[in-house]
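In what follows, a single structure is set out as structure tokens and then discussed.
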Amino acid sequence: MTPQKSDFLRILTERGFIHQGSDMAGIDDLAAKGNLIAYVGYDCTAPSLHVGSLISIMMMHWLQSTGNKPIALMGGGTTRVGDPSGKDESRAIRSIAEIEANKEGIKSVFAKVLQFGSGKSDAIMVDNAEWLAPLNYIEFLRDVGRHFSVNRMLTMDSARMRLEREQELSFIEFNYMLLQSYDYVELNRRYACNLQMGGSDQWGNIVTGIDLGRRMGTPQLYALTCPLLTTASGAKMGKTASGAIWLNEEQLSAYEYWQFWRNTEDADVGRFLRLFTTLPMAEIAKLAALQGAEINDAKKVLATEATALVHSREKAVAASLTAQKTFEQGAFAVDLPTIEIPRADIENELGALSAFVTAGLVKSNSDARRQVQGAALRVNDQPVTDEKAKLRRSDIGPDGVIKLSLGKKKHVLLRPV
RNA sequence: GGACAGGUGCCCGAGCGGUUAAAGGGGACGGACUGUAAAUCCGUUGGCUUUGCCUACGUUGGUUCAAAUCCAACCCUGUCCA
């Protein structure tokens, strides 16, 4: 690739954000002048985004910090339809009330990473329900639908995959592409948006939007995609049995979020530092060069920086101190995730098994029983060996809490109130 | 609308009247080893008031001492035909 004139593309390239772009030279020109107005769309399928979305949020962050304008598009309208891209199964259709509630939850994370306002490079947030919900079917078919070739849509990955695997693709999902394409055109008309960014699975939808734009008379539009994140060992990022790695604190505490990054595989440390922190490249290079046990220092920096970005610097530092006390000194940290329980439960000798369920460390009493067999449960660092064990007042430590642990890494404090 | 094939646990997939909470694999969780890493090995992987009970193989009924397995209707998916 030719050297980029713009800080935007230079930073994205050296940090590993770029998977594919429609016309790099064109994007570079606009970016160099600070004339990029780029949007990323987010589904409102859950009350919070998870780390899978973070990479595109970071793209918007860099876009803004290099003088261009980001648009965070809430899929309040498109979520009512469901994107088949990269999914081998139909999504459940969600109720409109649920989508609206999710939208409110998702909004909060953007305010932490982007600067909103009315200035030239201030971020804005819009909801595509604004123009999609009032659409008239006949008008939409005549104005927009006529520009689409079903023949070509069937060759797009999202549709082809379903067809090849003999899985059904409903008409409503098939239409998702039309709506996303129309979003792009509408955002161009309303906000002069000229770039759409997203994961590499969005490529088909994005270029279809560019194509629609040309047919409907917009100026040249551009596409830029980032790689879909997997860990070095190939697992999808941010999905574990205990749940996705959510960005909102209501869904996942800052401490647990910090822990997620702290447990990064060695091979991923450099890549993640580049993608998920704003540290200077020189410093990242130094950290990524650490070998053996020393790489743990790099992981701590990664965890703290990444947590500071979506939570806050204070919470990130607090999480790192908690972790230090808990893991390195084996000491008791009062700021581990804490669950309050009625004091009466302890007076009545709460069963240890159900206490672990209440704490959210295991999903059922049966699960707790199995973990006891596996010697995984501990109360105040003492292994639970008896399934019938009870929590008593004497288990409450000097800090007024009982520490419950699952395995070596997961700890929760119970605070009787 | 017709013919055929199919719908099994988080996912893939075997079973095709009883010994099946359901082989095998993947994923996940726990243990050992380490560096709160990876790889490897071991264990676990429906629920409960747990030596027992309850719920589960698309849905609802039926046959049988006994059904994921047989029958009927319905729902859904795929392929071909109209």
Side-chain angles (χ1 to χ4, degrees), chain A residues 84 86-90 92-93 159-173 230-245 255-273 287-288 290-304 306-307 319-331 333 336-337 348-354 356-357 359-378 381 383-390 404-412:
Chain A
K87 315 232 166 31
D88 48 15
E89 233 168 83
S90 304
I93 303 270
R160 208 184 59 213
M161 203 176 73
R162 290 277 187 87
L163 295 173
E164 277 172 2
R165 298 178 64 174
E166 301 189 344
Q167 275 152 342
E168 80 119 24
L169 173 66
S170 71
F171 184 66
I172 183 172
E173 292 173 291
T230 54
T231 65
S233 37
K236 263 185 220 152
M237 260 197 74
K239 295 275 188 186
T240 70
S242 44
I245 303 301
Y255 170 76
E256 289 167 284
Y257 189 76
W258 192 93
Q259 282 296 320
F260 166 76
W261 292 106
R262 172 65 245 261
N263 285 308
T264 297
E265 291 177 33
D266 287 7
D268 288 324
V269 171
R271 192 161 57 107
F272 287 1
L273 279 167
L287 289 168
L290 294 174
Q291 290 298 317
E294 290 197 324
I295 202 164
N296 281 324
D297 293 332
K299 290 184 191 179
K300 288 177 206 163
V301 174
L302 169 63
T304 301
T307 306
S320 102
L321 288 176
T322 303
Q324 196 183 351
K325 276 188 231 164
T326 310
F327 288 96
E328 292 175 26
Q329 298 161 14
L336 284 167
N348 297 330
E349 305 202 327
L350 177 67
L353 297 187
S354 49
F356 277 93
V357 176
L361 288 168
V362 294
K363 61 180 198 288
S364 65
N365 279 8
S366 298
D367 191 15
R369 250 178 263 271
R370 280 182 225 114
Q371 297 296 15
V372 169
Q373 303 297 320
L377 300 187
R378 276 166 294 135
D381 296 319
V384 178
T385 49
D386 179 7
E387 294 179 0
K388 293 194 171 69
K390 306 276 191 201
L404 302 183
S405 312
L406 168 68
K408 281 178 298 199
K409 295 185 192 173
K410 291 173 192 149
H411 310 280
V412 169

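In what follows, chains are A, B, ... by sequence order, proteins preceding strands, each numbered from 1. These numbers come from a predicted model, not from an experiment. Both backbone and side-chain heavy atoms feed into the values below; hydrogens, waters and symmetry mates do not.
In this entry B:C10 has B:G26 as its Watson-Crick or G-U wobble partner, both defining distances falling under 3.5 Å. When Watson-Crick and G-U wobble pairs are counted only if both distances are under 3.5 Å, B:A21 pairs with no nucleotide at all. Base pairing of B:U77 is made with B:A5, judged by Watson-Crick or G-U wobble geometry with both donor-acceptor distances under 3.5 Å. With both pairing distances under 3.5 Å, B:G52 is matched to B:C48 as a Watson-Crick or G-U wobble pair. Base pairing of B:U63: no nucleotide in any strand meets the Watson-Crick or G-U wobble criterion (both distances under 3.5 Å). With a 3.5 Å ceiling on both atom-pair distances, B:C33 lacks any Watson-Crick or G-U wobble partner.
The separation between A:Asn263 atom CG and B:A39 atom P is 13 Å, rounded to whole Å. We find that CZ of A:Arg369 is positioned 15 Å from C1' of B:U44, with the value rounded to whole Å. Distance, A:Phe272 CZ to B:A37 C1': 12 Å, rounded to whole Å. Atom NZ of A:Lys300 and atom P of B:G35 are 13 Å apart (whole Å). Whole-Å rounding puts the A:Lys409 NZ to B:A28 P distance at 12 Å. Rounded to whole angstrom, the span from the CD atom of A:Glu294 across to the C1' atom of B:A37 amounts to 15 Å. Between A:Asn296 atom CG and B:A38 atom P there is a gap of 11 Å when expressed in whole angstrom units. To the nearest angstrom, P of B:U50 lies 13 Å from CD of A:Gln373.
Nucleotides B:C16 and B:C81, compared at atom C1', are 30 Å apart to the nearest Å. To the nearest whole angstrom, the two C1' atoms, one in B:G7 and one in B:U69, are 15 Å apart. As rounded to the nearest Å, B:C48 and B:A21 have C1' atoms that lie 14 Å from one another. Taking the C1' atom of each, B:A82 and B:A3 are spaced 11 Å apart, rounded to whole Å. Spacing between B:A73 and B:G24 at atom C1', rounded to whole Å, works out to 35 Å. Comparing B:G46 with B:C57, their P atoms sit 15 Å apart, to the nearest whole Å. Between B:C42 and B:U36, the two P atoms lie 24 Å apart (nearest whole Å). A distance of about 34 Å separates the C1' atoms of B:A23 and B:U34, rounded to the whole Å.
Heavy-atom nearest nucleotides on RNA chain B were determined for A:Lys408 and for A:Lys363, and the one closer to the 5' end corresponds to A:Lys408. Position along RNA chain B of the nearest nucleotide to A:Glu387 versus A:Thr264 favours A:Thr264 as the more 5'-ward residue.
Base engagement by A:Ile295 is indicated by at least one non-hydrogen atom pair under 4.0 Å involving a base atom. When heavy atoms are screened at a 4.0 angstrom cut-off, A:Ser364 is found touching the sugar-phosphate backbone but no base atom. Using a 4.0 Å heavy-atom distance criterion, A:Gln259 is classed as a base contact. Across all strands shown, A:Arg262 has heavy atoms under 4.0 Å from base atoms, whether or not it also approaches the sugar-phosphate.
None of A:Thr264, A:Val269, A:Leu287 except one satisfies the side chain to side chain contact (heavy atoms under 4.5 Å, CB included) rule with A:Ile295; the exception is A:Val269.
Not a single donor-acceptor contact under 3.5 angstrom links the side-chain atoms of A:Arg370 to the base of B:U45. Donor-acceptor pairing under 3.5 Å, judged by distance alone, is present between the side chain of A:Ser366 and the base of B:U50.
The closest side-chain heavy-atom distance from A:Val372 to A:Thr385 is not below 4.5 Å. Side chains of A:Asn263 and A:Lys409 form a contact here, defined as non-hydrogen atoms less than 4.5 Å apart. In this structure the side chain of A:Asp266 reaches within 4.5 angstrom of the side chain of A:Lys299, judged on heavy atoms.
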Carefully, step by step, assess A:Leu361 and A:His411 under the rule side chain to side chain contact (heavy atoms under 4.5 Å, CB included). CA-CA 8 Å; A:Leu361 288 168; A:His411 310 280; over 6 Å; no
Apply side chain to side chain contact (heavy atoms under 4.5 Å, CB included) to the pair A:Gln373 and A:Glu387, showing each step before the final yes or no. CA-CA 9 Å; A:Gln373 303 297 320; A:Glu387 294 179 0; 2.9 Å; yes
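Of the listed nucleotides (B:G30, B:U36, B:A37), B:U36 has the atom at the smallest distance from the side chain of A:Trp258.
A donor-acceptor pair under 3.5 Å is absent between the side-chain atoms of A:Arg378 and the main chain of A:Val384, judged by distance alone.
One finds a side-chain N or O of A:Asn365 lying less than 4.0 angstrom from the OP1 or OP2 phosphate oxygen of B:U49. At the phosphate of B:U36, neither OP1 nor OP2 sits under 4.0 Å from any side-chain N or O atom of A:Lys410.
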